[in-house]
Asker: 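One structure, pasted below without further comment.
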Amino acid sequence: MRRHTRRIYNLCYRFTGNAHEAEDLTQEVFLRVYRTLGSYRALHGGFATWVTSVTRNLLIDHYRRSRRDRQTDSLEESLLVIEQKESSAPRPDQFAARGELSEQVQRALQKLSPELREAVVLRDLQGLEYKEIQEVLQVPEGTVKSRINRGRIELARLLEQMGVRPSSA
Amino acid sequence: MSWTCEHVEQRLSEYLDRLLPPTERAEFAAHVEGCPRCRPLVEHLGGVVGALHRLVPLEPPPRLVHRILEQTSGAEAARGWRRRLPGWLLPVFTPRLAMGAVTAVIAFLVTSQALGISWSQVTLADLHPSHLYRAADRRLNLFYARGVKFVNDLRVIQVLQSRLQPATPPEGSEPQELPPANKTSEPSDRPRQNHADEILQNQRLLAGFGHALPSGMELSLGRIEP
Ligand SMILES: [Zn+2]
């Protein structure tokens, strides 16, 4: 239970970049999983893959909703949201030694389109195989490959612009 | 085949994830080795991917686990479920649509019984099984009959309502929240063969609602005693 919670929380956090939203969304995921357990069939992938799909769908819903909200908001309100987002980021001590990098990665991730962002988060932060990502996103194998690749290249480009060049070791 | 820089860029992630077959891998490496443009790209991307893999997962706040446990054990569901609904769902709970939700719950209960999914066993498991089982079975049959009747009654109401106000969808609702009128009139056109047919109708009628139900409603319905 705690393991699942941590995994889903991290997925939500990395996608939204907001600790508070990640918390609410994680709770929503488990509520939905709890209510739709009956629709779970162990045909495609395992239970974890299914929970990931539920999460992913919620994240996309959330993204669309908040984008719509942003469009109707006034400029001041948008600025306020950004301020709140930044202030509700996790405490620095949560990042331990690699803190700086984690924050920079998070900022760069936020600039990716949602399609590329989810592909990179699922692959490199959740450690899913290509096949599993294919099942979660319900897109062909070629699309998964190309999204992971474009997402990583774009992320690398953004990090380079920020002056971040992690060594491969 | 000799690789171009575009080929290399397209297959970069497969290379880093060691998904390229040996020959392609060798060709990839051969190009990168002698290409001043691709080499730094591969190195930088390798570094970024490595850094991503080494990121330490964040610990969710302990209260989150508590909230989830509370929520899924139904302890909190009984009080104030409306307050905890996501904001976008609130306008859905106008009286008319709430009735749709009630129907959905009943359809679910009816279906689960018809399919032999005995939600009653969960509550009975800890009690005196053989004694209570017969009583529960009878109660379920009654409840089933009532559920079907209730669903049919509501269907009539919905048909009436949609005829009365054909061109004015309620504000703030999305199309899938209302069952189309032609579907609701379908059952009267052909004879019903058995319960399963009817359940399917109900399910289709209420599709789109079943997954967004507040658990509080299920609880309160569960207490209806024949
Ligand atoms: Zn090249």
Side-chain angles (χ1 to χ4, degrees), chain A residues 1-2 4-10 13-14 19 22-24 26-36 38-39 61-62 65 90 94-99 101-102 105-106 108 120-121 123-125 127 129-130 145-146 148-153 155-157 159-160 164-169, chain B residues 8-17 19-20 40-74 76-77 81 84-89 105 108 111-112 115 117 119 210-215 218:
Chain A
M1 169 67 192
R2 177 162 271 285
H4 281 303
T5 308
R6 189 163 71 155
R7 195 170 60 79
I8 299 306
Y9 175 75
N10 273 273
Y13 177 75
R14 290 305 179 186
E23 215 178 301
D24 284 352
T26 305
Q27 195 179 356
E28 214 175 319
V29 166
F30 280 96
L31 190 60
R32 186 172 289 193
V33 163
Y34 174 68
R35 282 177 187 156
T36 54
S39 70
D61 285 353
H62 173 78
R65 224 155 51 220
Q94 283 178 304
F95 286 123
R98 299 192 188 87
L101 182 63
S102 179
V105 165
Q106 190 61 53
V120 172
V121 170
R123 172 67 196 145
D124 291 324
L125 295 172
E129 300 297 335
Y130 284 59
K145 281 183 179 170
S146 121
I148 291 172
N149 195 45
R150 283 188 293 138
R152 283 172 171 178
I153 291 174
L155 190 73
R157 196 183 59 78
L159 284 169
E160 194 160 33
V164 183
R165 284 194 68 94
S167 70
S168 51
Chain B
V8 165
E9 194 171 317
Q10 275 169 20
R11 311 295 295 277
L12 241 173
S13 286
E14 287 170 84
Y15 172 78
L16 292 172
D17 289 329
L19 293 173
L20 288 181
L41 178 67
V42 174
E43 278 169 10
H44 179 48
L45 200 72
V48 168
V49 171
L52 291 177
H53 291 176
R54 288 193 304 271
L55 281 187
V56 183
L58 302 167
E59 261 325 302
R63 66 166 179 273
L64 177 60
V65 181
H66 275 110
R67 271 161 67 187
I68 290 169
L69 284 173
E70 241 188 14
Q71 181 183 52
T72 49
S73 68
E76 212 202 331
W81 54 266
R84 291 177 298 105
L85 280 179
W88 57 272
L89 206 58
V105 172
F108 165 72
T111 316
S112 58
L115 298 177
I117 304 163
W119 46 273
H211 58 270
L213 291 171
S215 47
E218 290 170 50

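Hydrogens, waters and symmetry mates play no part in the numbers below; they use all other heavy atoms, side chains included.
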Asker: With only heavy atoms counted, which part of A:V121 is less than 4.5 Å from chain B, the side chain, the backbone, both or neither?
Answerer: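 Neither part.
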
Asker: For the candidates B:L16, B:V49, B:L41, which exhibits the highest count of non-hydrogen atom pairs separated by less than 4.5 Å from chain A?
Answerer: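 Greatest number of close heavy-atom pairs with chain A: B:V49.
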
Asker: Restricting to non-hydrogen atoms, name the atom on A:R152 and the atom on B:L45 that form the minimum distance, rounded to 0.1 Å.
Answerer: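 What the structure gives for the nearest pair is O-CD1, 3.3 Å.
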
Asker: Can a donor-acceptor pair be found, under 3.5 Å and without considering hydrogens, that links the side chain of A:N149 to the backbone of B:E9?
Answerer: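 Side chain of A:N149 to backbone of B:E9, a donor-acceptor pair under 3.5 Å: yes, one is there.
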
Asker: Are B:E43 and A:R165 close enough for a salt bridge, meaning some N to O gap below 4.0 Å?
Answerer: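 Between A:R165 and B:E43 there is no salt bridge, as every charged N stays at least 4.0 Å from the carboxylate O atoms.
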
Asker: Which atoms of A:D124 are under 4.5 Å from chain B, going by heavy atoms: the side chain, the backbone, both sets, or neither?
Answerer: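 For A:D124, heavy atoms of backbone and side chain both lie under 4.5 Å from chain B.
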
Asker: Is the shortest side-chain heavy-atom distance between A:Y130 and A:R123 below 4.5 Å?
Answerer: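 Yes, side chains in contact.
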
